[in-house]
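Heads up: the structure comes next, in structure tokens.
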Amino acid sequence: MRWVIRHCLLAILVFASAASGAPSGTLTPPPPELPAPDQFVAKDRPGDSGKAILLTWKDPPSLPAGATFEARRAEPPAYEWTKVADVKAGVQRYVDATAKDGVVYRYELRVHHADLADTLGLAGTIGPAVVSDPVASHDNWIKPERMNSLVACVLFLVLLLGSIGMAGRGTQFFIRRIAGLNAVDEAIGRATELGRKVLYVPGILSPGDIQTVASLAILGHVARATARYGSDLDCPNRDPLTFTSARETVRSAYLAEGRPDLFREEMVNYITYDQFAYVAAVSGRMVRERPAANFLIGHFFAEALILAETGQSTGAIQIAGTADPAQLPFFVAACDYTLIGEELYAAGAYLSREPVLLGSIRGTDLAKAALLLLGLVGIVSATLGHDWAAALLKTQ
Amino acid sequence: MTGLHFDIGRVLLLVCFGIVPLVGIILGFFAPSLRRQLPLIVAFVAGIVPILSLYIPKAFLSAPGQGMSPRLDQYLIIVAGFALPLGVVNVIQLNTRKVGRGEKGWFFSLVLLIGLFVMGSFGVYGAFSGTGIGFLPNGAPTPFQWMTDWLFQPLQSTIFSLLAFFMASAAFRAFRARNVEATILLVAGVLVMAGRVPLFDLLAYPFPPLKPAAASLTQTMGHLTEWIMDGPNSAAQAGIIIGSALGAMAMAIRVILGIERSYLGLGKGD
Amino acid sequence: MSLIDRLFSVDRRWIFLFVMLAVAVPILFPLGLPVTTTGSTRAAFEYIESLHAGDIVWLSYDYGPSSAPENDPMAEAFLRHCFVKDVRVVMCALYPLGGLSLMNASAARVAREFPEKKYGTDYVNLGYKDGPEAVMRRLGENIADAFPTDVNGTPIEGMPIFQGIRTIGQFKVVFTVATGLIGEYWITLVNAQFGTPVIIGPTAVSAPKYYAFLNSGQLKGMLGGMKGAAEYEQLLARAYPAMSEFYHRTRLFTGTKGMDAQTGIHAVIVGFIFLGNVAFLLARRREGRA
Amino acid sequence: MELFGTWIAALLTLAVLSFLYKDNPFFRFAESLFAGVSLGYYVGITLDQTLKPNLFEPLRANFNLNWDLAIAGLLGAFLYMRYVPRIGWVARYGLAIYVAYYIGVEFTRKINGEVLPQMARTILPVRGFDFGGVGAFFTSPAMLALCAIVGTYSVLVYFFFSKEQNAVTRPIARLGVWFLMISFGAAFGFTVMGRVALLIGRLNFLIYNWISPTFGG
């Protein structure tokens, strides 16, 4: 409101002084002129889901210290300007995230200085306003800053699906030996000989975690082996969804081996949702029931070492696997075999030798090779002073 | 605004994850093969939503609160909340059977059931009575909170603290110079352990003249530890992260495409 | 049974006994051993030092009771640092199990030391929200969408501290005191997508994994475990005399206090590893002779 | 109440620690009680902290805006069909959507938050060796860059599965294993600290909250 009064007064004064031709000496000297912002543009913020207008400008060279920029907005045709923001000098951009999609706005930007008294003694001085073209916000189809990630994603899919396709058409792919996995049959065989059971812990997360899905695939193979050998299986769970998934996995494994008679629902059981109560119960079971083989495969946290050490003290063969770098050291220290990182994901393919899965392993390897190549080229180039590769991989 | 909000995102969600499954279930009674195929198709849609949303900021996909991806986020928190009773039912089944038949260890099953029943009742009561499960307006704990503070949390922390002992026993066994790899493990482990704490200051504690030397040795070990953590350790971690992430991405695509389906109890031929 | 065999087959309960003693004795009779500071903690400290009065930061309690002895001292040292520097703090809890009561207790403890700090102006406690990833995504658009009210149910719109603040992108830094995955989400979601710098205070176990993020510039600094907390306390005490006095006289549990016991237990473990290897090498030599 | 609570907490703490000596009825009692209480705890937490604020409250407060949350309720209810004979397959819908969506989210996080940025950080100029002493040499920018590059890439070479290792890749993969071993050893040593912290917390409780006030001293 104040600025309206001030501008009206200013206009009247200017008009009056011009009309009367009064000598300028009768007025107090005008305050130093505030400059107008340069290159002021208002446009839809690119790469967003709408409801935001991006204002950009350049600070004019003659900007006095302490000046700020005042951005205002109006919906044409009615020019009711409302203040949107005060922006410090040097920022040169502002995102108005209060816009409504599809509504046309105009923005104006002007320099504002609170300390320079103006001619009428009203606080604050305001420079000339620059008004933007009409602009409306909308949602966008692309996010320019994620193009690199999108290209990487597409390349990955091409390599992966291409390899899977080749495998589907009969190309045979190789997979190298993975130490821990060769021990699976041996461990289950030993359990059968000793007449003790096999314990399978599928991590403590839900099947929404990818390591759990990988673990369930391995559980399928372990369950088929226990069905073949006729040894007992025990799979205690922390996550209720993993619990239902695991039960179906084991059930279908026993079916696939033609031994549904050996399957009992209690093989896959639920304990509790608490990580440590779970680990206490499983440790208790290890000590009391002395399973001959322990599989600890999936996503683990602190419980990893408690389980692995307790299992070790009971003399069981232990095969562990996780992709979480934080828990790997403990499995490596306390278990007989450990699937490290990516080995966990390759395990399903290794155990089943299914062509399609082997094809996917091949595709992943190709992606890895491509990354290594890009990396090496990038390093040489960076050493020579061209730093494009790291920038290319920068994500937002 | 009155009336139901029908933006594109929600309508698509309703169709894909409400109507299609319902129709699929009805058809599934007549065509058993649909019982297997349709969930995989619906899963495919659910799986590509977040991926598309990463790259396509269109409002119907990605806008907070209304886009398909943020909305599905919201849904699945609820679905996960529905899952817990699946486990609770199993626990009650197993343990009542043990108690009922007087099997070995039935007493402990009884303890478990009492704990579950008491704590669970306080929780259900708190959630629905309006008193909540935390503190009463006068600052006193609800029974739920009291049991949390004096039963649940001490037990949790104590089980967790067992790790201190197991770290020691695992280190004693694993850190032996059996072969090159084990020796590297041993040396790196011992160097870092020595560099993390003022170990030499402790050793020099009874010998005051050695204290300055010990302090400088601690300093050096600290730097060495930092270098190991920052240099080789960090490099290897990056290798594990990149490798695992690629493996996980391939696995994710296999799940989304329905190639990997053992989590549903579906075998290869299904 | 020879000495070597006895060393090999040492009952692990002996190790447990020594571990117990190594922790209990220093708690009863503290030694006061010195602590050296590491680069990642200094980087975190200096980043906060470089902030100005009135800047705003985000403090997220992303841990549960089980890691509280490690994480509490970090969150509190950070909070004290912000308060002595007149930096404004917005707190939230994203850890589901008991994260909220930990935050309330911790915030109350530190606020009691700074009676001049005004709630709603200098700091605010937003309480707990479920689903960390969804929350973080919303923080990038509008904080009020994720946290419409503070922990007491007061709407956050209109609070002085949120004047002109709309998204997480406007914060100078996010300090996540974390166990488990939530800390990583701050890096891969909030830092990667909205650009807010992140400092992390992980438990010692997850600290190694974050070095990779530290090197790639996705993290501004890190307080690794209780040692990190003790280092931060020491840096704080060195820079601010009032803090130095506080850390000397407080009866609260601090990172600094824990370090004596830590040293003892490290000595026990290194000692046992040494014995194990001596036995191993002697046994091998014996086999070689035989 | 507080004194009573302290006693219970202290006795349970001792019961759990007794497991270190050997399995015994006290531990088993604590373990069973813990399993039951913790499950009850999550029943309360899930109702009060998950379903109430995410489902019941939004539906009640603003049905017009949140009507679609009923779909989530439906998917959740499907899960229970597992217990109904003959239509157990209905549960697949809930599970399949849940799993596939989160797996999709993981995919985005892996590519955008892990693969690309972690790769980017290995692309470093190998410049600036410092030969002024051992410490200076190993901490010079060029050495750190080399270490990051060699470590990361050799570990990645170890993770090649679809080719038998040959004369070139075998030594590189072996180097990768060495880097892994350094990392595991270092991370193990680094972690001891955090675990001890928890034990310190427990002993602090026993000594200062229980023994000292109860028995004096």
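Lettering follows sequence order; numbering is per chain, from 1. Side chains are part of it too, since the values below use all heavy atoms of this structure and drop only hydrogens, waters and symmetry mates.
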Top contributor to chain D interface from [options] [non-hydrogen pairs under 4.5 Å]:
options	value
A:Val380, A:Thr244, A:Leu376, A:Leu358	A:Leu376
A:Thr310, A:Val332, A:Thr395	A:Thr395
A:Thr272, A:Leu393, A:Thr364, A:Asp365	A:Asp365

Counting only non-hydrogen atoms closer than 4.5 Å, does [X] touch chain D with its backbone (N, CA, C, O), its side chain (CB onward), both, or neither?
X	result
A:Ile178	side chain
A:Glu343	both
A:Gln327	side chain
A:Ala302	both
A:Phe173	neither
A:Tyr270	side chain
A:Arg288	side chain
A:Ala389	both

Sort out for me which of [options] touches chain A most, counting heavy-atom pairs under 4.5 Å.
options	value
D:Lys22, D:Arg195, D:Glu164	D:Glu164
D:Phe107, D:Tyr153, D:Phe27, D:Phe188	D:Tyr153
D:Val37, D:Val115, D:Leu95	D:Leu95
D:Leu79, D:Ile103, D:Ile111	D:Ile103
D:Val105, D:Ile149, D:Val157	D:Ile149

Is the cationic atom of A:Arg238 (NZ for Lys, CZ for Arg) positioned less than 6.0 Å from the six-membered ring centroid of A:Tyr273 and within 45 degrees of its normal?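 Verdict for A:Tyr273: a cation-pi partner in A:Arg238.
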Look only at the side chain of D:Arg170 and the backbone of D:Gln165, and say whether a donor-acceptor pair between them is shorter than 3.5 Å.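 The answer is yes, because a donor-acceptor pair under 3.5 Å joins these two groups.
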Which portion of [X] sits near chain A, non-hydrogen atoms under 4.5 angstrom:
X	answer
D:Thr152	neither
D:Arg28	both
D:Phe19	side chain

Regarding A:Asn182 and A:Tyr350, is there a side-chain donor-to-acceptor distance under 3.5 Å anywhere?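 Indeed, the side chains of A:Asn182 and A:Tyr350 share at least one donor-acceptor pair under 3.5 Å.
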Distance-only polar pair, side chains of D:Asn112 and A:Ser149, donor-acceptor under 3.5 Å: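 Distance-only check passes for D:Asn112 and A:Ser149.
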Could you check whether A:Lys368 pairs with A:Glu342 (Lys NZ or Arg NE/NH1/NH2 to Asp/Glu carboxylate O, under 4.0 Å)?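 Salt bridge present between A:Lys368 and A:Glu342.
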Using every non-hydrogen atom in the two residues, find where D:Ala30 and D:Ala15 come nearest and quote the distance to one decimal.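 Here D:Ala30 and D:Ala15 meet closest at CB-CB, 4.0 Å.
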